[in-house]
Structures are given as C-alpha cells and as structure tokens.
Amino acid sequence: MDTQILQEIFPGISTLFTSDLTISIGRICLMLLGLLLVYLGKKQVLEPLLMIPMGIGMAAVNAGVLIMGPGQTGNLFLDPMVTEPAKLIDLLQIDFLQPIYTLTFSNGLIACFVFMGIGVLLDVGFLLARPFLSMFLAVCAELGTFLTVPIAMAMGLNVNDAASVAMIGGADGPMVLFTSLKLSPKLFVAITVVAYLYLGLTYGGYPYLIKLLVPKRMRAIKMPPKAKIRQISSSEKLYFAVIACIVLCLLFPVAAPLFMSLFVGVAVREAGLTHLIDFIGGPLLYGSTFLLGLLLGVLCDASLILDPQILLLLILGIIALILSAVGGLMGGYIMYFITGGKFNPVIGIAGVSCVPTTAKVAQKSVHEANPQAIILPEAIGANISGVITSAIIAGLYITLIPIFFR
Amino acid sequence: MKILSVIGIIFLSTFFISFLVAGLIKLISVTINYIKLQKEQGSDQHDELAQIQSEAAGQESELEVVAAIGLALQQYLEDIHDYEKTVITIQKVMKPYSPWSSKIYGLRHNPRVR
C-alpha cells in the first residue's frame, strides 16, 4: 500500500514520524504525562477532580492529531490562538470544545463559576472570628506573588508576563487565569496550564515543605481554646459579603467580576437559598471544574505548549509557590513569637489561598505530629483571607502595572 | 529598580487594603453586636413589661376574689334587716260589707252539664 494512503488512514501515528522531532517527542511525553496525571489523580496524590479530565484531555489532544493540509497539522478539539472572526465562526462549528473555550474560558466566565462555587462552600465565620490574624497570615503567604515579579523580570520576561506568572504564588487558579487573560493574553494558556499543574502539586508537595521548615515540637502545638467563642450569625456573614463586595468592587473595578462571583456565592449560602446552594455548589461547580480540567488538558497540545518560555514558566511557577509557602510559615513563626509560643506556625501555610487544600494540608501535618491538636478553624480563616488577598493583588496588578509601565 | 518600587507600593497597598477589610469585618461585627444588644435590651424591657402585666393579671385575679367576697358579703348584709319588734300582735281589722266582695256571688261550684 502506498505510504501516503497509510498516512491518511492513520494520521495520528503518521504525524509522529512526519512532523518536527521536538514536536513528536513532546507529543509522546505529553501523552505519558496525561496518563501519569490520571494515575496520580486516581491515587489521590493530585487533585482528582481536575487531574483526571486534564490528563485524559492532554493525552487525547496529543494523540488525535490530523493532517489539515500540506505540512499542516491540527485537531478537532479547539484552537485557542484563532483571533480572526470569520475563522472563529468556522471553528465554532467544527471543533467540539471551541464553543466552551470561546464562550466560557477565554472570557473568564468559567473562573467566575468556580469562584461562585468556592463562595458557596466557604464559611466566612472563621474569617469573621479572627479577621486581623487571618489577614496578616494571608498577606505573609503572598510572598511569592510579590517576589516572583522581579525574579521573572530578571529572567527576561516583560512586566505583564512576570506579574501573571507571579500570581501562581497566590495558588488560586481562577485568579491566575483572570490576571493572565488581562495582562498577557499571548502567554495565558501556558501560564494557566502551569498554574493548575502546580496547584495539584501543592497537595502532594507542601507537607514535605512543612516537615522541612517546622520542627515536630512546634507542629504539635495545640491552639489554646478561645476564652469566649462568639457565634457568628448568618446575617452578620451576609452583611460582610455584601459590604466587602461593594468596597472591593469600588477599589478594583477590573477584578469586580471575580469579587462579585465570590461574594454572591457567600451571600447565597448565608441567605439560606437551599436550591441555589445545591445548584451552585453542585452542578455548576463540578461542571465548571470538569470542563476546566478538560480544557486545560486539551490546551496542552505539543505544538502550542512547547513554547521556549514554558520551561521558564515552570521554574517561576514553582519558585512562586515555594516562596508563598515560606512566607506563610514565616507569618506563622511571627505569630508564634508574638503569642509566646502558643501559636502553631503551621497555620501560616494555610494563608496560601488554595481553598481548602492548604488548610487541610496544615491540619493533616499537625495531626501527624499531635493527634489531639486541632488548628482547622484558624487555618480555614487564613485560607479564606488568602482568597481575598489574592483577589486584591490581582486587582492591584491589573490596575497599577499598566499605569506604572505605560 | 523601578519594578522594586512598584512591587513595594503594591505590597503596601495590599497590606493596607487587607487590614482595611479586616477593620471592615470588625466594624460589621461590632455594629451587629450593638444592634443585637439593643434588641436584647428592648426584649428585656418587653419581658419586664410582660412580667408586670402578668403580675398585674395575678393581682387582678386576686381582686376578682376580693370582689366576689365583697359581693357575697354585700348580699349577706342586704339580707339582714333592721331589728324588728319580736312581739306578735293580732289586730282586729274592721271590714265593711260590700256585695262586690261577697263570697256568695263568687264562683264556688264547677259548672254542671245538664
């Protein structure tokens, strides 16, 4: 049989041999990485809700490559780089994930949906009980978000790309997506993919960092019970959500969709709208997470992701996350010394706003050192504050950087 | 150098805004607690009033008893007449004759059917 006919019958396999060697090796590596993500998701090492669709998407998009014309390859999933309206209309009718990408991902809608779901799951009572402590820890845990910007610029990125990649330090996926969409539309696919990959890694990596930086004696500290535990009423939480939303939207109109999404979730929860809580916290959140994972996987097309800057982004992403964790633990140590050794410094890492992963990681690490120590209420408070500070920093970056670097 | 200054500004802004949010949270808590306290005080006053009313109601029931006793006493006392002469006298009453009151014209017999 003629070779060309064989190539046409099995384009997925034939393109592995006919396309550029780097791309072919990249495709094979990404297919294997996809399988690894599914495996690690199944083993609960990485976040399975995100990693399983992402792994499948990554493997499928690199396997299902078609010959689209002479010397041209493509797929029937989506094309994130298309900008020409006529071509976009064509693709919306051809690529099956293009409508979801164009109408929910590239405008940040899916990030807002996820934020609404997070809002519904958040109990801001933990934040309201200790607002200054929680906010202090959260600001400390943004160390990576601040320090990665000059590091990235020193490594050759421009200020917009540097700020976008630095947002990985906030460990908040929707926030990274939103910031990179606004500041660096050319790199936003790569930055978002790197961010979500690393967010999965926090679950597996942070416990080791805690063990490395906090001795067992300190990890075992039991938090003293509060002399007077004040019950936070749902109306108090509702007022907070509404007022905080208005104030933050007034301060940062560019990040207003994210603030609104987060606080509308909180408001729905506190108003006790059970049908909406069930919808937002169930089908909307899980549907959005599933589609987000799938899209992130599909965006890992070798020809797209093998950008010369991807290695740089991978390095910067891990630097940002490590610095933020170190900053959070530093905040925990500061509180430990201020309270005369009564504060468990591990709580600081929960300021990294990967809700609720980092709070769970902190509690798990403390539990291993002392099964009777419970730090979850403080950790959740810091965690929620982390979401708010990440949103504040995203708003500041999107607003101030274009002003200072015109 | 410029980037470090900008990052410094952004860091300070974040710090300031975060504590502004924390202060806002505290303010909301304080305000809501104050309102709650006021409501509780209001409800305390209400409770006090209710207690007074219930006490008054209790007193009212006592007053009813008093009123009942009073009425009984009054009725009892009304039945007591002035002391009268206990000497019984038979006084002859003169009655002039009149055919209008004569017994012989009175209907003493049942009508008979013949």
Side-chain angles (χ1 to χ4, degrees), chain A residues 124 127-140 142-143 145-154 159 162-163 166 230-233 235-244 246-248 251-252 351 381 385-386 388-397 399-401 403-405, chain B residues 1-70:
Chain A
V124 288
L127 165 65
L128 298 185
R130 310 162 188 83
F132 288 101
L133 169 71
S134 304
M135 280 293 177
F136 172 73
L137 292 175
V139 173
C140 290
E142 295 290 352
L143 188 70
T145 318
F146 296 116
L147 291 187
T148 309
V149 179
I151 294 171
M153 286 184 78
V159 67
R230 194 170 66 82
Q231 291 294 317
I232 313 283
S233 64
S235 52
E236 200 172 330
K237 294 175 196 172
L238 183 63
Y239 292 140
F240 161 71
V242 175
I243 296 169
I246 294 168
V247 170
L248 291 172
L251 288 172
F252 311 109
S385 303
I388 295 170
T389 49
S390 291
I392 291 169
I393 296 170
L396 283 167
Y397 277 172
T399 314
L400 294 183
I401 283 179
I403 294 171
F404 282 113
F405 295 92
Chain B
M1 205 59 199
K2 188 182 175 185
I3 186 66
L4 290 178
S5 327
V6 172
I7 291 299
I9 292 167
I10 290 175
F11 173 73
L12 287 176
S13 309
T14 308
F15 207 79
F16 175 73
I17 294 165
S18 298
F19 278 83
L20 181 81
V21 172
L24 193 73
I25 292 167
K26 206 75 195 166
L27 186 73
I28 293 168
S29 298
V30 169
T31 314
I32 287 177
N33 277 343
Y34 177 74
I35 294 167
K36 215 182 269 179
L37 203 71
Q38 291 287 319
K39 269 187 187 170
E40 273 172 18
Q41 278 179 356
S43 69
D44 280 354
Q45 283 175 355
H46 181 78
D47 288 349
E48 227 168 87
L49 190 68
Q51 201 179 344
I52 290 166
Q53 278 175 345
S54 71
E55 276 174 14
Q59 282 176 0
E60 210 167 272
S61 67
E62 278 173 23
L63 286 173
E64 276 173 12
V65 173
V66 170
I69 294 169

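Worth saying up front: this structure is predicted, and the values here are computed from it rather than measured. Convention: sequence-line order gives letters A, B, ...; per-chain numbering from 1.
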Handout entry: With A:Thr389 via side-chain contact (heavy atoms from CB on, under 4.5 Å) - residues at least two apart
Key = A:Met135, A:Ala138, A:Val139, A:Glu142, B:Ser18
Exercise for the section: Would you name the heavy atoms of A:Phe405 and B:Ile3 that are closest together and state the gap between them? Expected result: CZ-CD1, 3.8 Å
Practice task
Output, in order, the C-alpha distance, side-chain angles, deciding distance and verdict of side chain to side chain contact (heavy atoms under 4.5 Å, CB included) for A:Val247 and B:Val21.
Solution key: CA-CA 9 Å; A:Val247 170; B:Val21 172; 5.8 Å; no
Exercise for the section: Determine whether more than 12 heavy atoms belonging to other residues, nucleotides or ligands lie under 6.0 Å from atom OH of A:Tyr239. Expected result: no
Practice task
Determine whether B:Thr14 and A:Phe146 make a side-chain contact, defined as any pair of heavy atoms from C-beta on separated by less than 4.5 Å.
Solution key: yes
Handout entry: A:Ser235 side, atom OG; B:Ile35 side, atom CD1 - distance, nearest 0.5 Å
Key = 9.0 Å
Problem - Heavy-atom check, side chain of B:Ile9 versus side chain of A:Leu396, under 4.5 Å - result: no
Problem - Distance-minimising heavy-atom pair for A:Phe404 and B:Lys2 - result: O-NZ, 2.6 Å
Practice task
State whether the side chain of B:Lys26 and the backbone N or O of A:Phe132 hold a donor-acceptor pair below 3.5 Å, judged by distance alone.
Solution key: no
Handout entry: B:Leu24 side, atom CG; A:Ile243 side, atom CD1 - distance, nearest 0.5 Å
Key = 6.0 Å
Problem - A:Leu251 portion near chain B, given a 4.5 angstrom heavy-atom threshold - result: side chain
Handout entry: Heavy-atom pair of closest approach, residues B:Ile7 and A:Pro150
Key = CG1-CD, 4.2 Å
Exercise for the section: Would you indicate whether the side-chain heavy atoms of A:Leu400 and B:Val6 approach each other to under 4.5 Å? Expected result: no
Problem - Proximity breakdown for A:Leu147 and chain B, heavy-atom pairs closer than 4.5 Å - result: neither
Exercise for the section: Supply the atom-to-atom distance B:Ile10 CD1 to A:Thr145 OG1, rounded to the nearest 0.5 angstrom. Expected result: 11.0 Å
